[in-house]
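What follows is a single structure, written as structure tokens, with notes after it.
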Amino acid sequence: MLDIKVIRENVDLVKRAAAAKRITCDVDRLVAVDQHRRDMQTELDSLRERVKEDGQRVGLLRNPKSEWYKRAIAQGKTDAEIKAEADRVQAELARIKPKIKELEDSEGSILQEFEQLMFTIPQPADPEAPEGKDESENVEIRRVGEVRRFEFEPKDHVRLGTDLGIIDIERGVKLAGSRNYILRGDGALLHQAVLRLAQDMMVARGFVPMVVPVLVKEEVMYGTGYFPTGRDQAYLCERDVLSLVGTAEVPITAYHTDEILAESDLPLKYCAMSTCFRREAGAAGKDTTGLYRIHLFDKVEQVIICRNDQQESRRWHADILKNAEDVLGTMGLPYRVVNVCTGDLGMGQVQKFDIETWMPSRNSYGETHSASRFYEFQARRLKLRYRDGAKKMHFCHTLNNTVIASPRVLIPILELYQNADGTVTIPRVLRTYMGGRERIEKQ
RNA sequence: GGAGGAGUGGCCGAGCGGCUGAAGGCGACGGUUUUGAAAACCGUUACACGGGAAACUGUGUCGGGGGUUCGAAUCCCUCCUCCUCCGCCA
């Protein structure tokens, strides 16, 4: 959400920014509705002021003990005259009342439209985000790690996992439909191992671990920017008006909703491991094989809430990016970092770095992490504020990044660490979570 | 799920139809005093939207929504949340 005052004064800029993001929104309509809304408020305010003042007068005129009443008597008015005046004013007010009600009703619908339009205006991208139409124009920033060359014919993770008895896609689909899977034995353990490793690293870096709701209220989805635009990507529990989150970013970022924090509280660093639910609507036929694009996965997410300062926000962005890179680094996985172009940015993101990890079966880097900063876009929607030393109120800045998402990350792990005999060597850092074992063998 | 009770400012807590955005206390902040600190005393201490260059000013907000009334924190309806008891379940 942007500040309506800023939109009013920068209509062209907002339009251009939306165009750069390839997001359609009706800025002109918003500005018109805003004007309408303000006119209406002015009118209503003055009407209400009158009701308030005159209503009070009625009370005083009807109260023989009031100063007003005594003064009127002193001026030579009779009780009957005073009563008549009270009746007159009261009758007049009674006539205004339906008019106010009528105005209030139309104000309601205008406010509603205003809010809806506000929700569709994207946060302008930062100048550091490259201009581009879609993900094909993302810009690679760096590559880290050696891509392994195989001296034998490598298997993809599905073949490998199926042969080892640790991945069972067929039965996953039997139970839950396409894009579902079952991990068993060392597959299940490996999944939990990477999550634990990631969480332990974050805790060591001062992030507060949390366990959060994954079924949340609509306002939380709106607040974080996933609604209304991304509504079709979410599983809804309509009977209860709750939505399953696609990431723990949602509940963590919304944690301090409606609060006014102290500047000294900031930055707040949180992480949470949670299950993530995604409908993958519109992705039919895309990435259909294996554990890449699935409806349900687990993820450790990191979120930072910091002061309203773009430079500081940038620094934390670099920080959370490094956290994720370190997780991949410690597991010895080769990856590259990509600066996401404007056309591939979401509603509220000002800049996003994706980390893509090398996946032999795809013969390319595949996205495993996504680090975004929002400036105050989410904070405005969530009313997430703080007071500075001079007691001035500001919206916070928010940022988030994946720490690890599994089973997607199991793709590079299994494929890159496979051996000619079909076994998989367990990366050293994961062994403590796997009973100290060195390899995964057929079960 | 059934029966009761309760939701007021950062916190505690008054108010139960009018001049109450809300007494009092605590906390926090600023000041006086002090070598410094404490104590004491004085003052300040919500948010949103609108108007205004600003000073300032109008409106709304006492869990949410609706209603009664000239006028509602106060009365009525409804929803939500929390507490207690009973039932059920992990």
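In the text below, chain A, chain B and the rest are named by the order of the sequence lines, each starting its count at 1. Treat the numbers as computed from the prediction; the structure is a model and nothing was measured.
A/Glu49 comes within contact range of the sugar-phosphate backbone alone, with a heavy-atom separation under 4.0 Å but no base atom that close. Using a 4.0 Å heavy-atom distance criterion, A/Arg387 is classed as a sugar-phosphate-only contact. When heavy atoms are screened at a 4.0 angstrom cut-off, A/Arg380 is found touching no nucleic acid atom at all. In this structure, A/Arg57 reaches neither bases nor backbone, as no heavy-atom distance under 4.0 Å exists between it and the strands shown. Counting non-hydrogen atoms under 4.0 angstrom, A/Arg88 reaches nothing in the nucleic acid. No contact: A/Ile96 has no heavy atom under 4.0 Å from any strand.
Base-pair partner of B/G87: not found among the strands shown (Watson-Crick or G-U wobble, both distances under 3.5 Å). Base-pair partner of B/A72: not found among the strands shown (Watson-Crick or G-U wobble, both distances under 3.5 Å). Pair check for B/U32 finds B/A40; Watson-Crick or G-U wobble, both atom distances under 3.5 Å. The pairing partner recorded for B/U59 is B/A48, the criterion being a Watson-Crick or G-U wobble arrangement whose two distances lie under 3.5 angstrom.
Looking only at distances, a side-chain donor or acceptor of A/Thr402 sits under 3.5 Å from a matching main-chain atom of A/Ser370. Put simply, the side chain of A/Lys21 gets close to the backbone of A/Gln123: a donor and an acceptor are under 3.5 Å apart.
The distance between atom CG of A/Asp87 and atom P of B/U69, rounded to the nearest whole Å, is 16 Å. Atoms CG (A/Leu382) and C1' (B/A48) sit 16 Å apart, rounded to a whole Å. A/Asp39 has its CG atom 15 Å from the C1' atom of B/G58, to the nearest Å. Atom CG in A/Asp34 sits about 15 Å away from atom C1' in B/A48, given to the nearest Å.
Among A/Glu115, A/Arg231, A/Lys217, the single residue meeting the side chain to side chain contact (heavy atoms under 4.5 Å, CB included) criterion with A/Tyr222 is A/Arg231.
Using atom C1' as the reference point in both B/A73 and B/A55, the two lie 32 Å apart (nearest Å). For the P atoms, the distance linking B/U8 with B/A14 amounts to 11 Å, nearest Å. Here the separation of B/C19 from B/U61, taken at their P atoms, is 14 Å to the nearest Å. The C1' atoms of B/G66 and B/C80 are separated by 14 Å, rounded to the nearest whole Å. On the C1' atoms, B/C76 is 12 Å away from B/U69, given to the nearest whole Å. Rounded to the nearest Å, the gap between the C1' atom of B/C62 and that of B/G21 is 9 Å. B/G13 and B/G25 are spaced 16 Å apart, taking the P atom of each and rounding to whole Å. A gap of 28 Å separates the P atoms of B/G10 and B/G67, to the nearest Å.
Within a 6.0 Å sphere centred on CD of A/Glu128, heavy atoms belonging to other residues, nucleotides or ligands number more than 12.
Within the structure, a side-chain polar atom (N or O) of A/Gln90 is placed less than 4.0 Å from OP1 or OP2 of B/C70. Side-chain N/O atoms of A/Arg38 include one lying less than 4.0 angstrom from OP1 or OP2 on B/G51. Side-chain nitrogen and oxygen atoms of A/Arg62 include none within less than 4.0 Å of the OP1 or OP2 phosphate oxygen of B/G18. The side chain of A/Arg385 places no N or O atom within less than 4.0 Å of a non-bridging phosphate oxygen (OP1 or OP2) of B/C47.
Side-chain contact between A/Arg205 and A/Asp326: present, with at least one pair of heavy atoms (C-beta onward) separated by less than 4.5 Å.
Under 3.5 Å, the side chain of A/Gln41 and the base of B/C49 form at least one donor-acceptor pair of N or O atoms.
Ranking B/C47, B/U59, B/G50 by closeness to the A/Lys52 side chain, first place goes to B/U59. Comparing atom distances between the A/Asp45 side chain and each of B/G60, B/C70, B/G58 picks out B/G58 as nearest.
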For A/Glu85 and A/Arg57, what are the C-alpha separation, side-chain angles and deciding distance, and is it a salt bridge (Lys or Arg N to Asp or Glu O under 4.0 Å)?
-> CA-CA 10 Å; A/Glu85 187 182 351; A/Arg57 206 162 103 226; 3.4 Å; yes
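When the nearest nucleotides of RNA chain B are assigned to A/Lys5 and A/Lys217 by heavy-atom distance, the more 5′-ward of the two goes with A/Lys5. Between A/Lys391 and A/Lys97, the residue anchored nearer the 5' end of RNA chain B, judged by the nucleotide with its closest heavy atom, is A/Lys391.
A cation-pi contact, defined as under 6.0 Å to the ring centre and within 45° of the axis, links A/Arg37 to A/Phe114.
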